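Below is one structure, written out as C-alpha cells; the observations come after it.
All values derive from a computational prediction rather than experimental measurement. Chain naming here is simple, since letters A, B, ... match the order of the sequence lines and numbering starts at 1 in each.
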Amino acid sequence: MKPEDIERIKSLLPTTLGSEEIRGTIAADILRRSVFSARMASATYLAQIRDVCARVLSGEINQATAVKELMDTLTAMGHSPLDPGGITNPASLRRLNLIVDTQTQMAASVARIDNQTEATIALWPAWELVRLETRQKPRQDWARRWRDAGDYVGWQGALQNRFIALKNSPIWAALGAGAGGFTDTPGNPYPPFAFSSGLDWVEVSADECKRLGLPVASAAKPPRAELSPGERDILEAVERYGFPQIGVDL
Amino acid sequence: MIKITSDAQTVQLKLVRWITEVSVSGRQLLYSAAANAVAILTRRHISRLASWKHISAESLGAQPTGHLEKAARATVHHATQSYGEVVIPSPGFSRAFHDVEIRPRDAQALTIPAAAESYGKRASVLSALGWKIFRPKGKRVLMGSMQGDEAKVLYFLCSSVRQRQDRTLLPSDEEINQTAGSAVLEYIRTVQRKAS
C-alpha cells in the first residue's frame, strides 16, 4: 500500500478533547486509524487535513501549499495564526506544520511496515532509530526513552547500547507508548516516536545484526514443507534453471 | 560510462529474465528484496544531499524547510508479482531525469521567495500572519511590511521557472542496478541456506 492510500482510508475523529484527554480516553488503535486534532470538532476541516496530507504524500503538493490550504480554511472558519494560545491555537503555523509532518510521517511508516515481506525481513531483520531531520533544539532524552522502553520489555530483540532492535521487537511499541512516563508520543509502534521528532528508522542488514549479536533467525532448518510458498517458488526455479548466472559477482 | 551502463543493463536483463521464470509468490519476494534495497540506497543518497543542499535557504538567511530530509523519510518501496518500485513523493526529483518547467497552477505567477520571512511560506500565509503585502506598479515582485516597518521585497514573480536536469539528485543507474541485483541474489542464497 502507498502512503497516500493509507492516509485516505483514515476515519475522521472530530473531538473537543485536548491531547492528554484524547490519549486517556480513546484507544490507541482507533487513534491510529483516524485523523484528529486536539479540540477540533469540525469534520470538514479534518477531511481537509486528510486530503492535503494525502496529496503531500503523493507528491502532488508540497508542505508550504498544504499549510496554505489549511490556513485558508481556518481563516474562513474565523481562526487566525495571530490568536493567542501558541501550539493550542489551531491556526498557528507551528501547529499546522506539526500536523502535516506527523500525519505524513505516520502514513509513510505504516506503508514501510505494510510493504515488508519475508524477503525484506530476512535481509534486513532490524530497524535502527537515527536522526534523519535536523532540529534547532533536538531532544536530549532519547537515550533515557530507549532505556525505559527496553527495561519495560526486558530488552527482547533489542540492543542496549544502540537504538537497534528487531522489526518485531516489542520495544517499538513501548517507545511509542511513552514507556517511562513520556507524554509527547503519538502512541504508535512506529516513527515518529515523539511529536516533531527528527528521528526515523533505517534498516539494518542481517549481517550487521549477527555482528551485533541480535538473534535474527532460527538455527533450525525447517523441512521443505514449512517453507513459504514464495520460498518454495524460488527454490524450484533454482533447481530448474540453476542459480542466476549474470556474468559478474554481485 | 556508457560501457558501465551497458554492462549494468545486461546484468539486469539476465536477472530479470531469470526472475520471470519464478512462480508468482517467489517473484514478488524477489521484487520486494530488490525494491527495498533500492529504497534504502535512495534514502541514504537523499539524506547525504540534504546535509549540504540548503543553498536557497542559506542565501536568504532562512531556516531550511528540510524538504530533502522529509523526502528521504517519506521514500517507500512497493512490490507486486510484476515489478518493484521506489516512490519518492516529491515532484522535484523528476529533475533527475529531465529538465523541469514549473508554471503556476491557480495563480497568474510563481512566487519565488526573496527574503528569509517568505522562504517556505505562501503569500497568503504571510498575510494571515499580519504582513501587508502589495505589488508595486510595473514591478515583478511582491513587497510587504509588518506593523508599519519599512517594506521589503518578499517574492519575485515569474511566469515560469525552468530547472535543468540534475542526475545527482538520485543514485546512479549503475548503483541502482547493482544494489537491486545484489539484493535479489542475496535473498536467493538466503532461501537456499534456509532449505539446505
Strictly below 4.0 Å, N to O, side chains only: are [X] and [Y] in salt-bridge contact?
X: B:Glu101; Y: B:Arg103; value: yes
X: B:Arg167; Y: B:Asp173; value: yes
X: B:Arg27; Y: B:Glu21; value: no
X: B:Asp99; Y: B:Arg95; value: no
X: A:Asp207; Y: A:Arg211; value: no
X: A:Glu133; Y: B:Lys70; value: yes
X: A:Arg145; Y: A:Asp184; value: yes
X: B:Glu186; Y: B:Arg193; value: yes
X: A:Arg232; Y: A:Glu239; value: no

How about [X]: does its [atom1] atom have over 12 heavy atoms from other parts shown lying under 6.0 Å from it?
X: B:Arg140; atom1: CZ; result: yes
X: B:Glu150; atom1: CD; result: no
X: B:Arg164; atom1: CZ; result: no

Region of [X] in contact with chain B, defined by heavy-atom distances below 4.5 Å:
X: A:Glu118; value: both
X: A:Asp101; value: side chain
X: A:Ser80; value: side chain
X: A:Arg135; value: side chain
X: A:Ile121; value: neither
X: A:Leu93; value: side chain

Under 4.5 Å from any heavy atom of chain A, what part of [X] do you find: side chain, backbone, both or neither?
X: B:Arg43; result: side chain
X: B:Ser90; result: backbone
X: B:Ala128; result: both
X: B:Val24; result: backbone
X: B:Ala37; result: both
X: B:Arg44; result: neither
X: B:Gln81; result: neither
X: B:Gln63; result: side chain
X: B:Ile40; result: side chain
X: B:Ala183; result: both
X: B:Ala79; result: neither

Largest heavy-atom contact set with chain B, pairs under 4.5 Å, which of [options]:
options: A:Asp114, A:Leu123, A:Leu132; value: A:Leu123
options: A:Met71, A:Arg112, A:Arg240; value: A:Arg112
options: A:Val238, A:Val202, A:Thr75; value: A:Val238
options: A:Val56, A:Thr65, A:Ile61; value: A:Thr65
options: A:Glu231, A:Gln63, A:Gln116, A:Gln136; value: A:Glu231

Separation of B:Leu15 CG from B:Leu185 CG (nearest 0.5 Å)
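Interatomic distance, B:Leu185 CG to B:Leu15 CG, rounded to 0.5 Å: 5.5 Å.
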For chain A, the option from [options] that forms the most heavy-atom pairs under 4.5 Å:
options: B:Val184, B:Thr179, B:Ile188; result: B:Ile188
options: B:Ser124, B:Ser47, B:Gly120, B:Ala74; result: B:Ser124
options: B:Arg73, B:His78, B:Gln28; result: B:Arg73

Establish, yes or no, whether a centroid distance under 6.0 Å links the rings of A:Phe193 and A:Trp172.
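Yes, the ring of A:Phe193 comes within the 6.0 Å limit of the ring of A:Trp172, centre to centre.
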For the pair A:Trp127 and A:Trp201, name the ring-plane relationship: parallel under 30°, tilted 30 to 60°, perpendicular over 60°.
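If you compare the ring of A:Trp127 with that of A:Trp201, the planes turn out parallel.
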